[in-house]
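Data block below; observations after.
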Amino acid sequence: MIQLVDKFERVHDYLRISLTDKCNLRCLYCNPDGDLEKLLHSQILSYDELTRLIRIFVSRLGTKKIRLTGGEPLARKDIVKFFETLSQFKKENPFQLCVTTNGTLLEDKIEQLKHHGLDKINISLDSLQRERFEKITGQDSLETVLRSVDLAESLGFTPVKINVVVMRGINDDEVLDFIEFAKDRMINIRFIEFMPFSENKWSENSFISYQELKNIISERYELKELHHEIQRVAKDFKIQNHKATVSFISSISNHFCGSCNRLRITSSGKLKLCLFTPINEELDLRKLLRSPGVSDDEIVRFINNSLDRKNFQHPDVGELLKLEKNNMLAIGG
Ligand code: SAM
């Protein structure tokens with residue numbers, strides 16, 4: 001077994017895969033106009049190709065955790081069958097299988113997904129107000145998503161993680177509502193800093209730092225930090241007498257690149273060493289997978305060698321704003 005270690009001695013045992021660049025929502029911070037160019041079906045990795053890659057990452061490259069994301073991963077046809085295929089392999093090669101979803105297509109699938117090995121779930125939910133939810137996502141689906149959260153909790157996904165991208169003037173006045181919403185539940189509310197991506201209309205005015213969010217909460221509640229490692233991805237807190245936990249993902253104001261353990265595969269099968277790798281530096285796994293006769297050993301070498309190119313940290317916002325065609329739908333967050 002090879003360990004994927006980069007020049008900075010970071011071990012990469014967490015893989016995030018975007019299953020599709022298509023999404024049924026039009027979130028303001030991600031895909032506001034819905035007119036990003038879409039891949040043809042032949043351009044996304046097939047389930048057979050994905051299964052092969054997952055097998056290689058887990059059994060040859062030490063991957064311990066895989067997150068399926070998108071676009072909307074549950075919008076991909078036959079997703080339950082894909083889980084069923086993975087579950088056979090997972091029984092003999094344990095790894096943690098996670099999904100990030102907008103929760104609109106989850107209700108009728110969640111039990112089967114759990115049955116086939118889904119371990120953890122993150123549900124994106126940016127407003128608890130019906131009209132505002134529709135304004136942010138383009139769809140009047142708040143009730144559906146709330147039912148999905150209830151169901152996930154009742155099925156024992158503990159905690160259910162709720163991802164909230166906070167934007168000034170859009171939903172920043174709901175921070176305390178989210179704390180109240182979760183307080184008696186096995187939920188982890190994750191306030192995520194708004195990050196700039198192509199076409200998502202990021203501006204400094206709409207950005208709120210984690211420190212500011214934390215201050216808003218601290219005025220009402222006493223936050224007790226759960227971990228003290230400086231480089232953790234999420235800064236996790238507990239509030240006395242609350243069952244829920246609160247986390248902040250401060251990718252912009254206080255990055256955590258020093259502890260990065262993630263690799264990403266985009267929906268078009270590109271290996272991305274960082275969320276903000278420019279597209280011309282992405283590594284073409286799809287081409288390799290589709291070259292006749294390529295062995296697993298060659299794929300292992302390709303992935304392992306690529307780690308040498310990983311930078312220590314992502315550039316600052318000024319540079320991120322210049323990145324072209326870097327969109328979350330293809331990368332998956
Ligand atoms: N469709 C799924 C969903 O909505 O959760 C998965 C894909 S979505 C791109 C994955 C995560 O990225 C979501 O939690 C979303 O909130 C987050 N995200 C997307 N754009 C973002 C941005 N500009 N800044 C911060 N987080 C973002």
Side-chain angles (χ1 to χ4, degrees), residues 16-34 36 38 44 66-76 79 98-106 109-110 113 118 120-127 133 136-139 141-142 144-145 148-149 152 157 160-168 170-172 174 178 187-210 213 233-234 247-256 262 264-267 272 275-276 314 317 320-321 323 326-333:
R16 298 165 76 110
I17 304 175
S18 172
L19 291 187
T20 171
D21 61 339
K22 299 193 177 55
C23 189
N24 55 334
L25 300 187
R26 298 284 170 268
C27 298
L28 287 180
Y29 51 80
C30 185
N31 177 29
D33 302 324
L36 294 169
K38 291 286 175 300
I44 63 171
I66 295 185
R67 177 172 302 282
L68 303 177
T69 170
E72 174 47 43
L74 304 189
R76 183 152 172 186
I79 182 73
C98 316
V99 158
T100 301
T101 170
N102 61 34
T104 59
L105 305 169
L106 185 62
K109 298 187 186 71
I110 189 166
L113 296 179
L118 176 62
K120 300 271 176 194
I121 192 151
N122 287 38
I123 299 178
S124 303
L125 173 60
D126 306 297
S127 176
F133 180 96
I136 293 175
T137 65
Q139 204 178 92
S141 296
L142 175 63
T144 309
V145 178
S148 291
V149 173
F157 288 95
V160 179
K161 294 190 176 182
I162 296 194
N163 290 356
V164 188
V165 178
V166 189
M167 292 166 289
R168 194 185 301 283
I170 303 283
N171 60 351
D172 53 325
E174 287 190 62
F178 273 102
I187 283 180
N188 171 226
I189 296 281
R190 299 158 70 78
F191 294 113
I192 304 178
E193 285 182 351
F194 182 24
M195 296 182 277
F197 288 95
S198 308
E199 322 294 338
N200 81 344
K201 305 189 174 107
W202 187 94
S203 77
E204 241 166 74
N205 294 339
S206 49
F207 174 78
I208 299 200
S209 71
Y210 106 86
L213 293 170
V233 171
S247 303
F248 302 93
I249 319 290
S250 59
S251 322
I252 299 299
S253 71
N254 189 343
H255 71 75
F256 32 81
R262 299 157 179 220
R264 294 177 165 84
I265 296 177
T266 68
S267 43
K272 231 171 151 66
L275 190 52
F276 297 106
H314 64 69
V317 170
L320 298 184
L321 284 168
L323 289 177
N326 200 43
N327 69 70
M328 273 295 227
L329 285 175
I331 313 167

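In this text the structure is predicted, and so the values were computed from the model without any measurement. Counting starts at 1 for both ligands and their atoms, following the listed order. These values consider heavy atoms only, across backbone and side chains, with no hydrogens, waters or symmetry-generated copies.
If you check the side chains of S247 and N188, you find a donor sitting under 3.5 Å from an acceptor. The closest side-chain donor-acceptor pair between N102 and T137, if any, does not fall under 3.5 angstrom. Checked by atom type, the side-chain pair T101/E72 shows a donor-acceptor distance below 3.5 Å. If you check the side chains of S250 and S253, you find no donor sitting under 3.5 Å from an acceptor.
Atom 10 (C) of ligand 1 has its closest protein heavy atom at G332 O, 3.7 Å. Nearest protein neighbour of atom 18 (N) of ligand 1, counting heavy atoms only, is M328 CE, 3.5 Å. Scanning the protein heavy atoms around atom 20 (N) of ligand 1, the nearest turns out to be Y29 CD1, 3.2 Å. For atom 5 (O) of ligand 1, the nearest protein heavy atom (residue, atom name, distance) is S124 OG, 2.5 Å. With hydrogens left out, the protein atom closest to atom 2 (C) of ligand 1 is E72 OE1, 3.3 Å, a heavy atom.
Looking only at side-chain heavy atoms (C-beta outward), S18 and I331 stay at 4.5 Å or farther from each other. Proximity of M328 to N200: side-chain heavy atoms (C-beta onward) are nowhere separated by under 4.5 Å. Contact of the I121 side chain with the L106 side chain is registered, since non-hydrogen atoms from C-beta on lie closer than 4.5 Å.
Of the candidates V99, V165, I249, V165 brings a heavy atom nearest to atom 26 (N) of ligand 1. Comparing S18, P196, G70, G103 against atom 8 (S) of ligand 1, the shortest heavy-atom distance belongs to G70.
Close approach of ligand 1 to I192 (heavy-atom distance below 4.0 Å) involves ligand atoms 25 (C), 26 (N). Applying the 4.0 Å criterion to heavy atoms of N163 picks out, from ligand 1, the atoms 14 (O). Shown in contact with F194 at under 4.0 Å from a heavy atom are these atoms of ligand 1, numbered in order with element: 23 (N), 24 (N). Interface of N200 with ligand 1, defined as ligand atoms under 4.0 Å from a residue heavy atom, comprises 23 (N).
When heavy-atom distances to ligand 1 are checked against a 4.0 Å cut-off, T100 comes that close through both its backbone and its side chain. The part of F197 lying near ligand 1 is the side chain, judged by heavy-atom distances below 4.0 Å. When non-hydrogen atoms are compared, ligand 1 lies under 4.0 Å from the backbone of T101 (N, CA, C, O) but not from its side chain.
Taking the six-membered ring where tryptophan is involved, the planes of Y29 and F194 are perpendicular, since the angle between them exceeds 60° and thus also 30°. Ring geometry for F248 versus Y210: interplanar angle of 30 to 60°, hence tilted.
For ligand 1, the polar-atom distance check finds no N/O of D126 at less than 3.5 Å from any of the ligand's N/O atoms. Here's the thing with G71: one of its N/O atoms is less than 3.5 angstrom from an N/O atom of ligand 1. Considering both main-chain and side-chain atoms, M195 comes within under 3.5 Å of ligand 1 through a nitrogen or oxygen pair. Checked by distance only, ligand 1 and T69 stay at 3.5 Å or farther apart across all their nitrogen or oxygen atoms.
Considering all non-hydrogen atoms of both residues, L329 and K38 come closest at CD1-NZ, 4.1 Å.
No more than 12 heavy-atom neighbours from other residues, nucleotides or ligands sit within 6.0 angstrom of CD on E199.
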